[in-house]
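Written below as structure tokens is the structure these notes are about.
Below, each value reflects all heavy atoms present in this structure, side chains not excepted, and no hydrogens, waters or symmetry copies. Quick note: residue numbers are just sequence positions, from 1.
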Amino acid sequence: MKTATIAHAAYSTFVEQVKAQKVQRATVRPHRIDYSLKPAVGFKRFYTTPPAGKAEDIKAMLRQHQVDVVIPADNTGAVAGAMGLLLSTGALVGTLAWLFKNSPDNEAMGLNKTKARPYGPGQSQRGRKANGKTGVTFADVAGVDEAKQELKEVVDFLKDGAKYRQIGAKLPKGVLLVGPPGTGKTLLAKAIAGEANVPFFSVSASEFVEVYVGVGASRVRDLFAKAKKQAPCIVFIDELDAIGKSRGGGGPNNGNDEREQTLNQLLTEMDGFDDNSGVILIGATNRPEILDPALKRAGRFDRQIIVDRPDRSGRLAILRVHARQVTIAADVDLTEIATQTAGFVGADLANLINEAALLAARNNRSAVTMADIYEAMERVMAGLQLRSRILSPIERQTVAYHEVGHAIVASLMPGATQVSKISIVPRGKGALGYTMQTPAEDRYLMLEDELRGQLATLLGGRAAEEVVFGKVSSGASDDIQKATDLAERAVTQYGMAADLGPIAFVDTQSEFLHRSSSRRPMSGEVAVEIDRQVKQLIHQAHDIAKAILVLNQALLQAMAQTLLAEDVLEGKQLQEMLLKAQAPVNTQIWVAKGNKV
């Protein structure tokens, strides 16, 4: 069969042929037109190249002269999209192959491998000491002597377990460090790594869990597999509550499946330890109350060690440790600082020394002075000094009388702590002034009369405004909030309401963090009575504070005027003024028995 040839024609010839009614069919593409002539003129086939941008005009001309027009589908975009998809897929596959080839363990890109950081002899890695240790020993840990002693025993067992095994003692499988934030739980773990001449694996519990199901459990298995190979060794898991929360009660939304799988694997691995295998797990948490009971039982975490807030001697020891890192002037009295920092944890004290050092350097001093430490203490407790915040005269007067009211009432209350400073220099976010009290000793409980005294002290500022100005300001909002919380705890938690008795009406939800609580289910009558008792405590405290300030109105005026002139009252001048304060006859009766003033 003879194949028909396609000849090229000029575009002008194509137009003439169309207008002469010689063209039967035309296939129009953006850059080419194929057409055939009618049988009467030879049925020949031609192609031509149209001018750019004339496709629509050409189609209109063809239709006008009754030419069959064929417009083929444009596959250019589809082809380009397909090519782009193939190239993207190829690039992705190539990248994955490269990552797979270069992954540390050459297995699933290391996703199922533990992220634990190993420490130990020869573990020289970026950011660590040359010998692979943490650089922290028990000599660097202070203020937690009981906890340190317990952990020294663990280290001793790992170094020389023969004397323990000889008598039949078994190494605890797990040690759980519990306590408030900043008390030194992680520091203790680093000290163990520094003291024990054994491999030490450190990991945060949050690093076990990923978005991929099963990764957490796989990482737990990998961690313990590596630990068993290098026994004797220590495994430290920080913030254990991230994976150790109590499992759900069976509902579909009661828990996170991935987290629970990770926890289940951890429980299994802890059960899988052989006795005296030389591998010990140390966990740290500040939320032990939410941990799963199966995790805390004997045989898993055999020993729980409380790392609590340090007492005065503990704070002194901590201050001495951190003071070694800076140049201290001769006038610095660390014992005095330890006395005035009741409630501070190790992290707070470290921050205090560092802030004082920054202040000394800022003022071009070669050593940290006591003045630097006092300023740092106020900055930590009350916030940054804001001398640029200019108060109006009426605001300064209100703040001055408010703070002096706190100080006078506080000086007369039973079990009161010494008022060491009054200031009307704004600090922090919202403190326009403050009254600083220094406890003479650490206290671990509060008597009923002392609680009532604290309530009166909190409301002393508002009472002073009423006595002097006959009206109150918004400045007492924080005092009112604290007083209300304290009065409610007295009634619902401490059982100090005689009409209700020693009954707990709330569930406390946190042991070491900020204590949050919620009321238990109760009748409406009991709820009304609780509110009445709280209101009565607050009103009585307000009445006694006001009575004290009415009796000491001349002292209130004198102290406020001095404070307005000097901005700050402290030291011997302040103490001499407060010694002139007098208590009403019925003050002791009220705080002791709670009678109406």
Side-chain angles (χ1 to χ4, degrees), residues 1-113 115 126 206-219 222 251-253 255-259 261-262:
M1 177 182 289
K2 186 177 180 180
T3 302
T5 59
I6 302 177
H8 178 266
Y11 177 72
S12 58
T13 302
F14 165 69
V15 173
E16 292 175 359
Q17 290 172 331
V18 170
K19 292 180 177 180
Q21 303 289 335
K22 294 181 180 180
V23 179
Q24 181 181 25
R25 178 187 296 266
T27 300
V28 181
R29 296 182 176 86
H31 305 292
R32 173 172 169 147
I33 299 175
D34 293 287
Y35 67 96
S36 59
L37 302 180
K38 293 179 180 179
V41 292
F43 198 72
K44 294 181 180 179
R45 298 176 64 186
F46 297 90
Y47 73 92
T48 187
T49 302
K54 297 291 185 179
E56 295 302 323
D57 294 339
I58 294 170
K59 293 173 188 176
M61 179 186 68
L62 293 172
R63 293 188 181 100
Q64 180 182 355
H65 293 87
Q66 290 82 42
V67 178
D68 294 336
V69 179
V70 178
I71 303 175
D74 185 6
N75 294 323
T76 304
V79 171
M83 289 298 293
L85 179 62
L86 287 173
L87 290 173
S88 300
T89 304
L92 177 61
V93 170
T95 302
L96 291 175
W98 183 87
L99 289 174
F100 182 85
K101 180 180 179 181
N102 292 278
S103 64
D105 298 289
N106 197 24
E107 184 177 327
M109 293 182 295
L111 280 177
N112 62 344
K113 296 298 181 182
K115 294 184 178 181
R126 185 188 304 175
S206 61
E207 295 177 358
F208 285 112
V209 182
E210 296 280 359
V211 294
Y212 307 107
V213 176
V215 170
S218 179
R219 287 178 177 175
D222 183 61
N253 298 317
N256 180 292
D257 288 340
E258 170 63 6
R259 181 184 59 77
Q261 287 184 25
T262 306

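- Checking side-chain atoms of Q66 against main-chain N and O of Q64 turns up a donor-acceptor pair under 3.5 Å.
- Remark: R29 engages D34 in a salt bridge (charged side-chain N to carboxylate O under 4.0 Å, His left out) (not counting sequence neighbours).
- Residues meeting the ring pair (Phe, Tyr, Trp, His ring centres under 6.0 Å) test with H8, sequence neighbours left out: Y47.
- Within the structure, ring-ring contact (aromatic ring centres under 6.0 Å, His included) contacts touching residues 50-69 (residues at least two apart or in different chains) do not occur.
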Using a 3.5 Å cut-off and no angle test, enumerate the donor-acceptor pairs between side-chain atoms of residues 11-21 and protein atoms at least two apart in sequence or in another chain.
| from | atom 1 | to | atom 2 | distance (Å) |
| --- | --- | --- | --- | --- |
| Q17 | OE1 | Y35 | OH | 2.6 |

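- Listed here is the closest heavy atom pair of G216 and T262: CA-OG1, 3.4 Å.
- Atoms CG and CZ, on L37 and R45 in that order, are 11.5 Å from each other to the nearest 0.5 Å.
- Residues V70 and R25 form a side-chain contact, since some pair of their non-hydrogen atoms from C-beta on lies under 4.5 Å apart.
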Under 3.5 Å, side-chain donor or acceptor atoms of residues 55-62 against the rest of the protein: list the pairs with distances, not counting sequence neighbours.
none

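- Between the side chain of T48 and the backbone N or O of A9 there is at least one donor-acceptor pair closer than 3.5 Å.
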